[in-house]
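It should be emphasised that the depicted structure is a prediction, and the values quoted were computed from it without experimental measurement. Chain naming here is simple, since letters A, B, ... match the order of the sequence lines and numbering starts at 1 in each.
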4 protein chains.
Amino acid sequence: MTHLRSASASETVDRAGARRRPGGRTERIRLQVIEAVLLELVESGYDALTVDAVAARAGVHRTTVYRRWRDVGGLLADVVDAATGTDWEPESTGSLRGDLTALNRQIEAALTGEPPVTAALIAASFRSGKASRALQRFWDDRYTRFEVLVRRAAERGEIPAATHARHVLVAATAPLYHHFVLLRMPPEPGLADRAAAAAAVAAVAGAFTDAPQNLP
Amino acid sequence: MTHLRSASASETVDRAGARRRPGGRTERIRLQVIEAVLLELVESGYDALTVDAVAARAGVHRTTVYRRWRDVGGLLADVVDAATGTDWEPESTGSLRGDLTALNRQIEAALTGEPPVTAALIAASFRSGKASRALQRFWDDRYTRFEVLVRRAAERGEIPAATHARHVLVAATAPLYHHFVLLRMPPEPGLADRAAAAAAVAAVAGAFTDAPQNLP
Amino acid sequence: MTHLRSASASETVDRAGARRRPGGRTERIRLQVIEAVLLELVESGYDALTVDAVAARAGVHRTTVYRRWRDVGGLLADVVDAATGTDWEPESTGSLRGDLTALNRQIEAALTGEPPVTAALIAASFRSGKASRALQRFWDDRYTRFEVLVRRAAERGEIPAATHARHVLVAATAPLYHHFVLLRMPPEPGLADRAAAAAAVAAVAGAFTDAPQNLP
Amino acid sequence: MTHLRSASASETVDRAGARRRPGGRTERIRLQVIEAVLLELVESGYDALTVDAVAARAGVHRTTVYRRWRDVGGLLADVVDAATGTDWEPESTGSLRGDLTALNRQIEAALTGEPPVTAALIAASFRSGKASRALQRFWDDRYTRFEVLVRRAAERGEIPAATHARHVLVAATAPLYHHFVLLRMPPEPGLADRAAAAAAVAAVAGAFTDAPQNLP
DNA sequence: ACTTAAGCGAGACGGTACGTCTTGTCTTACG
DNA sequence: CGTAAGACAAGACGTACCGTCTCGCTTAAGT
């Protein structure tokens, strides 16, 4: 999975507890809880995400959750953080348009896949400052990783050297998030490709340089 | 304001109650409550939007709110609906890029203005299916109104006649919503203009026709 | 029925409204409502006796009930009053014990009959001052009527002339009310007869004269 | 006080919670609440006995009361149970009439004393099945304890050996409850003594044997 | 291996908000 | 004029979660 994913396979820093006793029960419980949060989230939605339900599903006592994560926001933040930093190496297709298309297809897959972990986490992050900040860290991490796509295109001479990488990426990917997260519309054929192509065209035309020259 | 705005100035259909007794107390109370929802929302945020607080601020009894709006979702839906359908006539600047830029500047103003009604409502709509559907109606209404911009550009011969209007509009506006609502980043100079320009360039290049021809 | 009974057959004074329009809708509605109160009472109990349910069952609007009876207590009071004053002529069996036994059997029948109107009204009367006072009027009316039993026994020379009639009656009947209303126990064979016999024995022995002489 | 009395002095089984942590806060809160129920009952009456008022007076939160007692009926049941089983040893005066008179005077004192705890609890018990059953347990406990009076009289040869103790006791005490609880009349001199004397006379005459012989 | 203290299970609590129910008042409209 | 229709204020109800606390018990970590 390109984006947010289960913590059970991750090697994250432990924000909630600083890993004092990594050896046994403590760590096992953390993984059970994180897993339970994701399951609750995709099954019942961000609104039914109660500490009680998470604790019950994780087979852990309520107080244990409160002791380590403090509140629901802490849980969400930990889950998001668990997905942040997952290694991701963009494929190289040889062209900016191709690279962006590949990226967008991965994003679309993440947003439309079942269970809808990514969409659920984005929605949930609106309900907590902690989760919101964790999500910001996640976005920043992702877009920083993606920038290599644009740099490679610049190195190939496809686009102006002064092209602002982040702008290209946002132009290419924003329509997908808009479509699935805000408009909440069903998948639409060609959406990912079209958005990637449009961003590539604009980038080639120099629309994302810091000082764009004359454009149509 | 281009986007969501106070119900007190709107002429909406009354979804919650169908205006049986338009004459007096009933309608007055509706306006008090709608206003209170907006104030609560921008002051305390979507999570503090409780029926109790709304009722108290509106100077109305809790049960009255429950009777007419059923729950928080109903309140939000009514508020969003109250903003839907507000007349909006896009300015004509003579070029697609100019029109999209003007549009984007209005959207940016709506998203960054104080109080941040629009952003708050979008965020809040994640808390309720009813509110979510109302927001979908709102988006649809907006984008349908905006389509005239693209049609005029096609009539002028700026862009291919087969250009899909909604795609152009999403490409132009999505980066703004992405930036302010999902990434929650501060205003960035040139953002609105750049997104508009990029979408215009791509549209001219034919990236939004149903069968895009060879693009770079 | 000896005791409290349906208003529909009674000819009572109208305390709540004073029979302004005995002929038509007004009186008809009163009877419908009184009947509905009794039905609700015996079906659902004193606790489920809501004005809404009564009005619905009577086919009358809530406001009509409130206008005429003011509140639940008023309804109950009217129902009790409707049962007060029903003509009752005690049978004469020729002996005090026989008369009291006949009386007790009637009381037992009223308390154990289905539907348990009497018991329900007594219980309900605890919840309203108005109903409570109405019930006191009812008790007083009943015991006054019963006194003739004791007077006849005195005239026959069965018991001392100075016997206090009310005391005899209470001694005879109280065990029944105690058993069915307070102890809420099931019918017990011989209960009514035994209580009547005991009271008669005591009366003959002079236990209910104002200044009882030497008793065992 | 002979009858129902404050829980703070009782040694009852804890029906609501089984006394898991007898040492501290839990038990202290129980006593506060029970005390508050009694105070509310005698001050404001059975109808004003709301969980909110009890909680406020006990200095405890609403939810705590709901958690442990479930509803008003549970509260009342616990209060009644707290009074059940209080040790009571009937005085021996040497004669049945004397014993019954002493008993009746205690009952009268309980029913007319200030605050009128007993009468209030009896009335309140009509509001709840749970309270009603608790009161039945209470009555049964009381009458079982009183039976020794009758047995002693039988042993002394005052009354037939086959005399049914419970019948004698009901005949003696029922008029008091009738007078104060159902008729709601003011105290009347001689009432307690007269009822006791009448029951004693009837018992001596054999009115309460299972097969009463010829009586007047 | 043996202590020792971190972490967990259990469960009550104060507290906020929920959404429902009933009461009794009021206003408007109808016949 | 009396009734129907229905909104309203008031307030209790019983529930669900939240986050806190205290008390024992388990168990991993450091000696």
Side-chain angles (χ1 to χ4, degrees), chain A residues 17 20-30 47-55 59-74, chain B residues 17 20-30 47-55 59-72 74, chain C residues 17 20-21 24-26 29 47-55 59-74, chain D residues 17 20-21 23-30 47-55 59-72 74:
Chain A
R20 303 220 179 172
R21 308 176 130 203
R25 182 174 58 167
T26 295
E27 184 62 12
R28 193 184 67 242
I29 282 182
R30 175 171 180 262
D47 240 14
L49 187 73
T50 73
V51 172
D52 283 30
V54 167
V60 153
H61 200 268
R62 270 165 33 75
T63 19
T64 300
V65 177
Y66 279 113
R67 196 168 15 239
R68 297 198 33 194
W69 287 274
R70 186 82 180 177
D71 56 20
V72 176
Chain B
R20 305 232 179 159
R21 302 178 148 201
R25 184 172 56 166
T26 295
E27 184 62 12
R28 193 185 67 243
I29 282 182
R30 175 171 179 261
D47 240 16
L49 187 72
T50 73
V51 172
D52 283 29
V54 167
V60 153
H61 201 268
R62 270 165 33 75
T63 40
T64 299
V65 177
Y66 280 113
R67 191 182 319 111
R68 293 187 50 185
W69 287 275
R70 187 83 181 174
D71 55 19
V72 176
Chain C
R20 304 226 180 162
R21 306 176 144 199
R25 182 172 58 170
T26 295
I29 282 180
D47 242 13
L49 187 73
T50 73
V51 172
D52 282 30
V54 168
V60 154
H61 200 266
R62 271 165 33 76
T63 33
T64 300
V65 177
Y66 278 112
R67 194 176 318 109
R68 298 201 27 199
W69 287 274
R70 186 82 180 175
D71 57 20
V72 176
Chain D
R20 305 234 177 160
R21 300 179 153 198
R25 183 174 58 167
T26 295
E27 185 61 12
R28 193 185 67 242
I29 282 182
R30 175 170 178 261
D47 237 17
L49 187 72
T50 72
V51 172
D52 283 28
V54 168
V60 153
H61 201 269
R62 266 166 35 76
T63 42
T64 299
V65 178
Y66 280 113
R67 193 180 313 112
R68 292 185 52 184
W69 288 274
R70 186 86 179 174
D71 54 20
V72 176

Handout entry: Residue mapping more 5' on DNA chain E - nearest nucleotide basis, A:Gly59 or D:Val60
Key = A:Gly59

Exercise for the section: Establish, with yes or no, whether the OP1 or OP2 oxygen of F:dG19 is under 4.0 angstrom from a side-chain nitrogen or oxygen of A:Arg67. Expected result: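 Indeed not, no polar side-chain atom of A:Arg67 lies that close.
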
Exercise for the section: Using a cut-off of strictly less than 4.0 Å, decide whether B:Thr64 has a side-chain nitrogen or oxygen near OP1 or OP2 of F:dA9. Expected result: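 Yes, B:Thr64 has a side-chain N/O under 4.0 Å of OP1/OP2 on F:dA9.
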
Exercise for the section: Measure across B:Ala53 and B:Ala48 and return the closest heavy-atom pair with its distance rounded to 0.1 Å. Expected result: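 That closest heavy-atom pairing would be CB-O, 4.4 Å.
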
Handout entry: Closest non-hydrogen atom pair between D:Asp71 and D:Val51, with its separation
Key = C-CG2, 4.5 Å

Separation of [N] [atom2] from [X] [atom1] (nearest whole Å):
X: D:Arg68; N: E:dG11; atom1: CZ; atom2: P; value: 14 Å
X: D:Glu27; N: F:dC23; atom1: CD; atom2: C1'; value: 17 Å
X: A:Arg28; N: F:dT26; atom1: CZ; atom2: P; value: 15 Å
X: B:Asp47; N: E:dA17; atom1: CG; atom2: P; value: 11 Å
X: C:His61; N: F:dA7; atom1: NE2; atom2: P; value: 10 Å

Exercise for the section: Quick one: pull up CZ in A:Arg62 and OG1 in A:Thr50 and give me the separation to the nearest 0.5 Å. Expected result: 9.0 Å

Handout entry: Point-to-point distance, once rounded to the nearest 0.5 Å, from OG1 of B:Thr63 to CZ of B:Arg68
Key = 12.5 Å

Exercise for the section: Can you sort out the partners of B:Thr64 under side-chain hydrogen bond (donor to acceptor under 3.5 Å, both in side chains), two or more places apart, ordered by chain and number? Expected result: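 So B:Thr64 forms no side-chain hydrogen bond (donor to acceptor under 3.5 Å, both in side chains) with any residue.
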
Practice task
Mind checking salt bridge (Lys or Arg N to Asp or Glu O under 4.0 Å) for C:Arg67 and listing every partner two or more places apart, or none if nothing turns up?
Solution key: none

Completion exercise
Once base and sugar-phosphate atoms are separated, protein heavy atoms under 4.0 Å mark nucleotides 19-24 of chain E, 5' to 3', with B, S and - as BBBSBB

